[in-house]
Amino acid sequence: MTFKSSILGLAVVALSTMTAQADEGLSLEGKRIGVAVVGTQHFWDREAFNGATSTVEKLGGEVVPVDGGRDNQVHADNHDVLLTSGVDAVISILGDGAVEPKFEALKSAGIPVFTVDHPSPHAVNNTTSDNYYMGTTIGRYMADAIGGEGKVAVFNAFENALRICGIRTGLWKYVLQDYPGIEIIQPELAEEFANAPEDARKQTLDLLSQYPEGTIDAIHVGCWDQPAIGVVQALEETGRTDIIVTALDGGPDTLEIMAEDGSPFVANVAQQPNLIGSTAAMNVARHFAGETLLPQTYVDVVPVNGAEEAKAAYSSLGYGSLE
Amino acid sequence: MAEHGSPGRLSRLVDTAPLLIFALLLAYIAFEAHNFFSLLSFKLILNQSLPVVIICMGLAFVVMAGGDDVVSGGIDLSIPATAVLCAGIIAQWLATNGSLPVAVALAAGAALLVGAINALLVTRIGMTPLLTTLSMFVAVVGVNNVVTSSRRINVSDPVILWLRDGQIAGVPVGIPIVALIALSFYHLAHRTRIGLNMQAVGGSRDAAETSGLDVKKLQSASFILAATTGFIASFFVLARGSGSSPGVENNLMLEMVLATFLGAAFSGRRVVTLWGAVLGAVLVAAISIGFKSMGVNVFWTGLIKGSLILAVVAFGALAQRGRR
């Protein structure tokens, strides 16, 4: 594990060095950059936002920040505010279908849009994690953790609403096709976008009362891991920690839960939201410097399988130490 | 008494304080924010406030007919949930290839049902409107979660897209439509017998009863009207979001309550009025858009907005106390 964690550490250091090198010569001096984030309550959103805003400032730009308060409608409306206030470019973090017409309006007003975790035909570039790898990896880890067979409940509210979730959950299901012994419990569960942990806790308690001990093997959260916090709470409250939990995102809050002794939360894939936000800001500067950007920029993810890897990822991603 | 020594100047100051705070704030925003005082931003403010303007008028009717005591008087907190439920029903129906007219009829039916249940619980069973409609809010959101499976549904119906993108002489179509709706509600409240009777009931229930008005019927009518505004607002919720997203009701609820009671601070007698509610909704939108275009730190905006509302409402309460 120490070897793996030092490799991880090196990888992260290497990435930040690359960022620092690319930094040279880039500037956003005199530019006003709108940064629209869907919410700042969750670690992922907040870190992506902090990464984007601090990098814009570091490059000499002025940030016009807007926060959707974890409401997709407010988030979409905020793009109109940025359009009206005449920013030079917009970095838009997350968001559902409601933002598409707003991107289109920004684009036709000559304001380039750079998205984070939201591929769009109206954006110059989308910076995101390697969602394909995330989906397949968590599928393999989950299948292994339950011995290749069993019943699985899935929280899957966003597979059809957000493309990134379509990729992650779709590829998780793709992997499960090769495990005929694994059955996904129908109907799938739909978690709330705001208040996700508490909502998922309640839904899990309901689920557990429907499925007595031994009739359910895993609970997976298809696109993120805030609901998994509530899922784990419900399992601990009812003493059903034989059921394993898997999810995606791997912020410090969920890595801490995974690192606990006997935690039912066994697998995750950690992202680097700060680096993603920062990379999006660099891409804005690259665009203004005349570089042609690819439609997608992928930022590395860190697969986390088990408590020891959770501790290793926690320290290599710079969140501190869980030893 | 000493504190009543110069009541004129002090009470006038207290009276005008909310207006002054807002005027100063708007002036500050206009000075600091890019393009705030422009036609574009004026249109944006009006356009973004449309759903709130409509449901605020619904709430204003209920307060006018039930009296303005927040606990025992008229209030309807379920309107935002009704709006979101109607939007959910329309989106879900359209998504399964249903036609818009049927979707609209289903949504209207649902809204009327919510209004009728509210009216029944408050006027026949005698429950307090605050608790009744708060529970109704939770129940209706629950129904919407069942209808939409808590999922986002995109809507691309041409009528909804027209509401979103359509313009008449450069003005987004929603603005004149809502202006017309506001005018007809004004007519209903101030130029028709039922509207005037409703206000009489809210002003003094006992006096209204003595003069032979059917108080229960009039209060019921106000709940039905409120639910109707929820139904109307659902079209603008759909247009704004290009579909229905779960969770929209919370922000709508907050803004509706803030705007309606903020609006009361602008009326001469500090009571909830239709125009006050409309003005309140537009001002809440203006201030929040202003803060955003100024680039105020997002971690602070909640505190600033909250303090502002507290200040205005506190001055309102002071002014009312001074009068009693």
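Residue numbering restarts at 1 for every chain, and letters A, B, ... go by the order of the sequence lines. What you are looking at is a predicted structure, and each value in this text was computed from that prediction instead of being measured.
Distance OG/S245(B) to NE2/H75(A): 11.0 Å, rounded to 0.5 Å. The OG atom of S293(B) lies 10.0 Å from the CG atom of N78(A); values are rounded to the nearest 0.5 Å. Note that the CG atom of D96(A) and the CG atom of N154(B) stand 7.5 Å from one another [nearest 0.5 Å]. To the nearest 0.5 Å, atom CZ of residue R240(B) and atom NZ of residue K102(A) are 8.0 Å apart. Distance check, rounded to the nearest 0.5 Å: CG of N160(A) to CZ of R152(B) gives 12.0 Å. In this structure, CG in L39(B) is found 11.0 Å from OG1 in T84(A), a value given to the nearest 0.5 Å.
Within the 4.5 angstrom heavy-atom criterion, only backbone atoms of S149(B) (N, CA, C, O) approach chain A. For R32(A), the part lying near chain B is the side chain, with the backbone staying farther off; criterion is any non-hydrogen pair under 4.5 Å. Only the backbone of V237(B) comes within less than 4.5 Å of a heavy atom of chain A; no side-chain atom from C-beta onward does. When heavy atoms are compared at a cutoff of 4.5 Å, D77(A) approaches chain B by way of both its backbone and its side chain. In this structure, chain B has no heavy atom under 4.5 Å from any part of L162(A). If you measure heavy-atom distances from I289(B) to chain A, the contacts under 4.5 Å come from both the backbone and the side chain.
Contact detail for G241(B) and Q73(A): the closest heavy-atom pair is CA-OE1, 2.8 Å. In terms of heavy atoms, N156(A) sits closest to R151(B) at O-NH2, 3.0 Å. For the pair S242(B) and P101(A), the tightest heavy-atom approach, listed with the atom from each and the gap, is OG-CG, 3.2 Å.
Shown here is F42(B), whose CZ atom has no more than 12 heavy atoms of other residues, nucleotides or ligands within 6.0 Å. Residue D157(B) places its CG atom among more than 12 non-hydrogen atoms of other residues, nucleotides or ligands, all under 6.0 Å distant.
Most heavy-atom pairs under 4.5 Å with chain A, from the set I153(B), V155(B), N251(B): that is N251(B). In terms of heavy-atom pairs under 4.5 angstrom with chain B, the leader among V81(A), N195(A), V64(A) is V81(A).
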With side-chain contact (heavy atoms from CB on, under 4.5 Å) as the criterion, how do N250(B) and R70(A) come out once you've worked through the C-alpha distance, each side chain's angles and the decisive distance to 0.1 Å? CA-CA 11 Å; N250(B) 296 323; R70(A) 207 71 197 163; over 6 Å; no

